[in-house]
Amino acid sequence: MHLLVTGGAGFIGANFVHLTRRTRPDVSITVVDSMTYAANRDSLAGLDAVRIVEVDVSELAVVDPLVAEADVVVHFAAESHNDNSLDSPWPFLRSNIMGTFSVLEACRKHGTRLHHISTDEVYGDLDLDDPSKFDEFTPYNPSSPYSASKASSDLLVRAWVRSFGVRATISNCSNNYGPYQHVEKFIPRQITEVLEGRRPKLYGAGLNVRDWIHVDDHNSAVWSILDRGEMGRTYLIGADGEVNNLTVVQTILKLMGRDPNGFDHVSDRPGHDLRYAIDSSTLRRELGWKPDFVDFEAGLQATIDWFTHNRGWWQPQKAAVEAKYARTQEVIK
Ligand code: DAU
């Protein structure tokens, strides 16, 4: 099998390439990535038989021949950080909507199977005491420019399946953590703040809940869908990992040997989604998938260890990320 992995130098895509190399030696891989700030060639360093093509997926003329030679396309490429989408929405519309359009057009032309990676944020948010979780029947209700652009991309995929018979599946996953995650995101930001001798930064009161999943569990679910998923279907991926942000920060501080209250409250994200929660029972029941990382503290400890031992991977980006945050976030006394 020849796989085309879009966004394969980003966090989840690079981990997907690593997992595939470890577990499927017969699969050959081409990574297509525009190598924006969120991508990192070093995330793929040392991997054999991975071809890397540096190009923007929204350029159909360049993506088309790459799709032509692939058996399957896994489409990770996306702008993914909510805070950036609030600052500057246009790159999100371009990458997430136009990028998906061009991948779809190439798959339509060449009859190539597509798996589209999406997010639980397309469903909006839940109240803290809402007994329900997101499932494949939850109506779309995105809150931010980022989640609206991902919702748009999902709808394009559904339309191309129905109108043109494109052989595609979609997955919507909850918050990922693990190695190679950009330091702008919540967990790596806090770990690297502590490693740099500073205090973690919590938005608002920290009561917002995210449903954490280790990136390897997300990617093993993607492989279950590639192997056994039904064309045209949407699968929700989650590992029952609901935790509020305050608890995550305090756990990181505790695991790193610091005072669990040694963090700062900073100004909140505008339109901040309160809670995400995924019902992944369809995926588990129909495709027999289950997560391996069921102990969140153990997964966090492994992630802390990775960032501790890979300073050279994240340090070049850290100062610029913090300078950008400093322009919009104030410490609340
Ligand atoms: O739910 C899936 C989504 O998870 C993905 O689609 C997104 O690409 C991914 O970025 C993530 O979105 P979030 O906005 O939930 O992730 P983020 O890491 O930015 O923030 C997680 C939570 O932590 C959120 O409630 C905001 C809060 N936060 C974030 C940062 C960066 C803080 O309290 N302090 C921070 O410094």
Side-chain angles (χ1 to χ4, degrees), residues 7-18 33-45 76-88 91-92 95 119 121 144 146 174-203 206 208 210 212-216 218 243 245-246 248-253 255-258 262-269 272 296 299-331:
F11 162 48
I12 305 175
N15 277 287
F16 178 79
V17 174
H18 279 274
D33 201 302
S34 57
M35 298 293 170
T36 60
Y37 83 94
N40 193 334
R41 273 180 185 268
D42 290 347
S43 304
L44 299 171
F76 290 94
E79 288 286 338
S80 73
H81 194 40
N82 274 298
D83 292 324
N84 293 343
S85 83
L86 296 164
D87 198 36
S88 176
F92 289 75
S95 294
T119 168
E121 296 197 12
S144 72
Y146 160 64
S174 54
N175 284 63
N176 283 222
Y177 70 97
Y180 303 111
Q181 188 167 28
H182 196 277
V183 290
E184 68 188 354
K185 297 289 172 80
F186 179 48
I187 287 178
R189 184 181 185 203
Q190 313 315 333
I191 294 171
T192 54
E193 284 295 84
V194 175
L195 288 174
E196 299 256 280
R198 292 190 297 264
R199 291 159 68 90
K201 311 285 185 295
L202 190 62
Y203 293 180
N208 305 64
R210 296 296 182 261
W212 293 99
I213 182 172
H214 192 277
V215 65
D216 283 347
H218 178 179
V243 193
N245 296 339
L246 174 63
V248 173
V249 162
Q250 291 185 319
T251 307
I252 290 172
L253 283 162
L255 292 173
M256 296 182 79
R258 303 296 167 96
F263 59 87
D264 290 329
H265 290 279
V266 295
S267 39
D268 207 352
R269 172 184 287 170
H272 195 172
F296 181 56
L300 262 188
Q301 182 64 66
T303 306
I304 291 167
D305 293 345
W306 190 88
F307 279 91
T308 304
H309 296 118
N310 290 277
R311 283 176 183 262
W313 181 86
W314 56 265
Q315 248 166 355
Q317 293 153 345
K318 181 69 181 165
V321 166
E322 290 307 321
K324 189 168 178 194
Y325 276 132
R327 287 197 291 276
T328 52
Q329 289 175 4
E330 263 179 70
V331 174

Side-chain ([X]) to main-chain ([Y]) donor-acceptor, under 3.5 angstrom:
X      : Y      : result
Asp33  : Ala9   : yes
Gln190 : Lys201 : yes
Asn40  : Ala38  : no
Ser88  : Ser85  : no
Asp264 : Val266 : no

Less than 4.5 Å apart, side chain to side chain, heavy atoms only: is that true for [X] and [Y]?
X      : Y      : value
Tyr203 : Asn208 : no
Arg189 : Phe186 : no
Gln181 : Asn15  : no
Glu193 : Glu322 : yes
Phe11  : Ser43  : no
Trp314 : Leu195 : yes
Tyr146 : Thr119 : yes
Thr36  : Glu79  : yes

Can you tell me how far apart [atom1] ([X]) and [atom2] ([Y]) are? Round to the nearest 0.5 Å.
X      : Y      : atom1 : atom2 : result
Asn176 : Arg210 : CG    : CZ    : 13.0 Å
Leu202 : Asp268 : CG    : CG    : 9.0 Å
Ile252 : Thr192 : CD1   : OG1   : 9.5 Å
Met256 : Ile191 : CE    : CD1   : 6.5 Å

Side chains of Asn84 and Lys324 only: does a donor on one sit below 3.5 Å from an acceptor on the other?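 Yes, side-chain donor-acceptor contact under 3.5 Å.
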Just checking, any donor-acceptor pair under 3.5 angstrom between side chains of Glu121 and Asn82?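 Short answer, yes.
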Less than 4.0 Å between a side-chain N and a carboxylate O, is that true for Glu196 and Lys318?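 No, Lys318 and Glu196 are not salt-bridged.
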Quick one, Ile187 with Trp212, criterion side chain to side chain contact (heavy atoms under 4.5 Å, CB included). Give me CA distance, side-chain angles, the key distance, then yes/no. CA-CA 10 Å; Ile187 287 178; Trp212 293 99; 3.8 Å; yes
Apply the side-chain contact (heavy atoms from CB on, under 4.5 Å) test between Phe296 and each candidate in Thr251, Ile213, Val248; give the one that qualifies.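 With Phe296 as partner, side-chain contact (heavy atoms from CB on, under 4.5 Å) holds for just one option, Val248.
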Shortest non-hydrogen contact between [X] and [Y], atoms and distance:
X      : Y      : value
Pro200 : Val249 : CB-CG1, 3.9 Å
Gly8   : Val17  : O-CG2, 4.2 Å
Leu44  : His18  : CA-NE2, 4.3 Å

Tell me, please, which residues at least two apart from His214 pass ring-ring contact (aromatic ring centres under 6.0 Å, His included).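 If we apply the ring-ring contact (aromatic ring centres under 6.0 Å, His included) test to His214, skipping adjacent residues, the hits are Tyr177, Phe293.
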Checking His218 against Ile12 for the side chain to side chain contact (heavy atoms under 4.5 Å, CB included) test, could you report, in this order, the C-alpha distance in whole Å, the side-chain angles of both residues, the deciding distance, and whether it holds? CA-CA 8 Å; His218 178 179; Ile12 305 175; 3.7 Å; yes
Indicate the ring-plane relationship of Phe76 and Phe16, choosing parallel, tilted or perpendicular according to the 30° and 60° boundaries.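 Judged by the thresholds at 30° and 60°, the geometry between Phe76 and Phe16 is tilted.
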Evaluation steps, ring pair (Phe, Tyr, Trp, His ring centres under 6.0 Å), between Phe307 and His309: CA-CA 5 Å; Phe307 279 91; His309 296 118; over 10 Å; no
For residues His182 and Tyr180, establish whether the separation of their ring centroids is below 6.0 Å.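 Not close enough - the centres of the two rings lie 6.0 Å or further apart.
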